[in-house]
Amino acid sequence: MDFSNTPSGDMAHSPSTSTLTSLPSNLTKYEPTQNDVQERLERYQATTAADNTKSILDAFSKYLPIDGRRNVCEDILQSTTDEDLKSLAKKLFTALLIPMKARGQTPIVTPSRGFAALRDAEDLSAETGPSTRSKQGLLKKACLLRDGTKCIITGVYDVDESLKIPPDEWGTRMLAKTEVAHIIPFYLGSFTERERPTSAIIWDTIYRCFPSVRSRVNLLPEKIDEPWNAATMMSSLHSAFAEFSLALEPTSREHIYRIVTYPHFPSYFNKSLVADRLVTLHNAAPQYPLPNGHFFAAHAAIAKILHITGVGDYMEKVMREREEIGCLAEDGSTNVAEFIEFTKGLMGTRLD
């Protein structure tokens with residue numbers, strides 16, 4: 001990931017001034033075509049062999065939901081210079097892919113005064129509020145009730161809930177540990193007051209790429225911990241879902257999703273998936289809404305972009321190194337040197 005020509009820094013990554021436009025455009029006046037976008041990207045001159053600007057922008061222009069695709073295509077076509085395109089790609093990388101993928105490990109994002117998406121970050125900052133882990137127990141109970149005390153993907157029953165009834169009532173049910181899986185990651189709604197401007201930048205980018213998340217269902221950070229953004233999953237599948245090696249892609253039929261897996265999905269669990277790879281959600285407790293399809297669409301799009309661009313593999317390696325090292329030792333070991341090199345690329349900065 002080479003986003004050179006950016007200010008130097010440490011583990012913090014700072015979204016640069018972006019070419020993301022400030023408001024959704026009037027699509028009746030002009031609608032960019034994929035050919036226009038491809039022609040613009042073909043004219044881009046990569047500065048190094050590791051420059052992923054073109055592949056990232058190409059993937060965003062193809063695999064976001066249609067309203068987000070239109071926004072990003074407009075942003076690409078309004079980028080008059082190659083530096084503008086690189087800035088846009090870096091913005092999408094640092095303010096969307098990293099926060100979505102990093103599983104709570106995201107370094108602090110330093111807000112840029114030049115960033116604009118749906119509105120000024122300061123305006124959005126005023127209306128965002130942190131979610132907390134205090135609701136996790138209640139959320140899991142609500143999702144278990146709604147999902148019939150079983151994993152929505154495999155139909156395997158939660159072992160703890162099953163132990164509350166006599167074994168002779170189990171029938172042929174299979175049991176496993178389940179967890180509550182957030183669709184839009186939980187930690188995007190969990191931030192301190194100091195991190196509020198950072199959160200506003202990330203949420204601005206989410207709304208730009210997934211307009212329906214805001215315009216149709218009005219997801220705000222404080223609403224992340226609600227049943228419409230969560231589902232019951234076997235613990236192993238929850239891990240794969242959080243790592244974006246597993247996704248549920250909306251179909252043309254409401255509440256029916258196609259299971260999509262990527263190379264890092266543990267093949268052992270393929271036998272737990274239904275043969276036609278289609279999941280139908282049922283509501284056993286109507287007082288709680290089913291998971292929202294717009295959230296699954298956003299998650300599935302990010303999963304595809306991470307896979308198509310190779311960014312997912314790249315970040316997994318960086319995060320594994322970070323977890324194994326814990327902190328940067330000063331013994332000059334190969335692992336530390338390699339980790340620093342990966343971090344340089346990930347953050348698009350010079351760490352010297």
Side-chain angles (χ1 to χ4, degrees), residues 103-104 131-187 189 217 223-251 253-300 302-303:
R103 301 195 297 277
S131 179
T132 68
R133 284 284 181 189
S134 62
K135 296 172 62 179
Q136 292 300 287
L138 293 175
L139 180 63
K140 181 174 183 180
K141 289 180 181 178
C143 289
L144 278 170
L145 283 173
R146 183 200 61 200
D147 300 333
T149 71
K150 56 190 176 182
C151 170
I152 65 165
I153 296 175
T154 63
V156 172
Y157 284 84
D158 179 81
V159 62
D160 295 325
E161 291 297 311
S162 295
L163 290 175
K164 295 177 182 178
I165 62 176
D168 58 4
E169 295 181 17
W170 289 359
T172 59
R173 67 171 58 182
M174 299 296 291
L175 310 182
K177 284 285 186 181
T178 69
E179 297 173 352
V180 59
H182 288 79
I183 305 169
I184 304 299
F186 163 81
Y187 46 83
V217 294
K223 294 183 178 181
I224 272 193
D225 259 349
E226 296 187 10
W228 67 344
N229 184 49
T232 304
M233 294 186 190
M234 289 172 52
S235 300
S236 52
L237 296 187
H238 178 199
S239 296
F241 188 80
E243 294 170 1
F244 293 91
S245 62
L246 167 69
L248 293 180
E249 198 172 73
T251 67
R253 292 174 288 174
E254 189 175 16
H255 305 313
I256 298 180
Y257 299 88
R258 180 172 292 101
I259 299 171
V260 180
T261 59
Y262 294 100
H264 286 286
F265 181 77
S267 59
Y268 175 82
F269 295 107
N270 282 327
K271 62 184 180 182
S272 301
L273 306 180
V274 291
D276 64 2
R277 295 296 180 101
L278 291 177
V279 169
T280 301
L281 302 188
H282 300 283
N283 195 333
Q287 66 268 37
Y288 302 115
L290 284 171
N292 190 279
H294 293 294
F295 305 156
F296 277 128
H299 179 278
I302 292 295

Distance in Å, H299 NE2 paired with E249 CD, rounded so as to fall on 0.5 Å steps: 12.0 Å
Partners meeting side chain to side chain donor-acceptor pair (under 3.5 Å) with D158 (sequence neighbours left out): T178
Test side chain to side chain donor-acceptor pair (under 3.5 Å) applied to E226 - qualifying residues, sequence neighbours left out: none
Heavy-atom pair with the smallest gap, counting every atom of A231 and I152: CB-CD1, 3.5 Å
E254, CD atom: more than 12 neighbouring heavy atoms under 6.0 Å: no
All side chain to side chain contact (heavy atoms under 4.5 Å, CB included) counterparts of L175, not counting sequence neighbours: Y157, V159, S162, W170, R173
NZ-SG distance between K177 and C151, expressed to the nearest 0.5 angstrom: 15.0 Å
Student check: side-chain heavy atoms of F241 and I183 closer than 4.5 Å: yes
Residue pairs involving residues 139-151 (criterion side-chain hydrogen bond (donor to acceptor under 3.5 Å, both in side chains); sequence neighbours excluded): D147-T232
From CA spacing to verdict: side-chain contact (heavy atoms from CB on, under 4.5 Å), S272, V156: CA-CA 9 Å; S272 301; V156 172; 5.9 Å; no
Distance, nearest 0.5 Å, that separates CG of L278 from CG of L273: 11.5 Å
Ring pair (Phe, Tyr, Trp, His ring centres under 6.0 Å) partners of residues 278-298, not counting sequence neighbours, each pair once: W228-F295, Y257-F296
With P166 via side chain to side chain contact (heavy atoms under 4.5 Å, CB included) - residues at least two apart: D168, E169
R258 vs D276, salt bridge (charged side-chain N to carboxylate O under 4.0 Å, His left out): CA-CA, chis, key distance, verdict: CA-CA 8 Å; R258 180 172 292 101; D276 64 2; over 6 Å; no
Side-chain heavy atoms of M233 within contact of I153, under 4.5 Å: yes
Contact summary for A300 and A247, nearest pair of heavy atoms: CA-CB, 3.9 Å
Distance (rounded to the nearest 0.5 Å) between I259 CD1 and F265 CZ: 8.0 Å
Between CG on residue L145 and CD on residue Q287, distance to nearest 0.5 Å: 7.0 Å
Derivation and outcome, side-chain contact (heavy atoms from CB on, under 4.5 Å), residues I224 and H182: CA-CA 8 Å; I224 272 193; H182 288 79; 3.7 Å; yes
Atom pair CG (L144) and CG (D160), whose distance is rounded to the nearest 0.5 Å: 9.0 Å
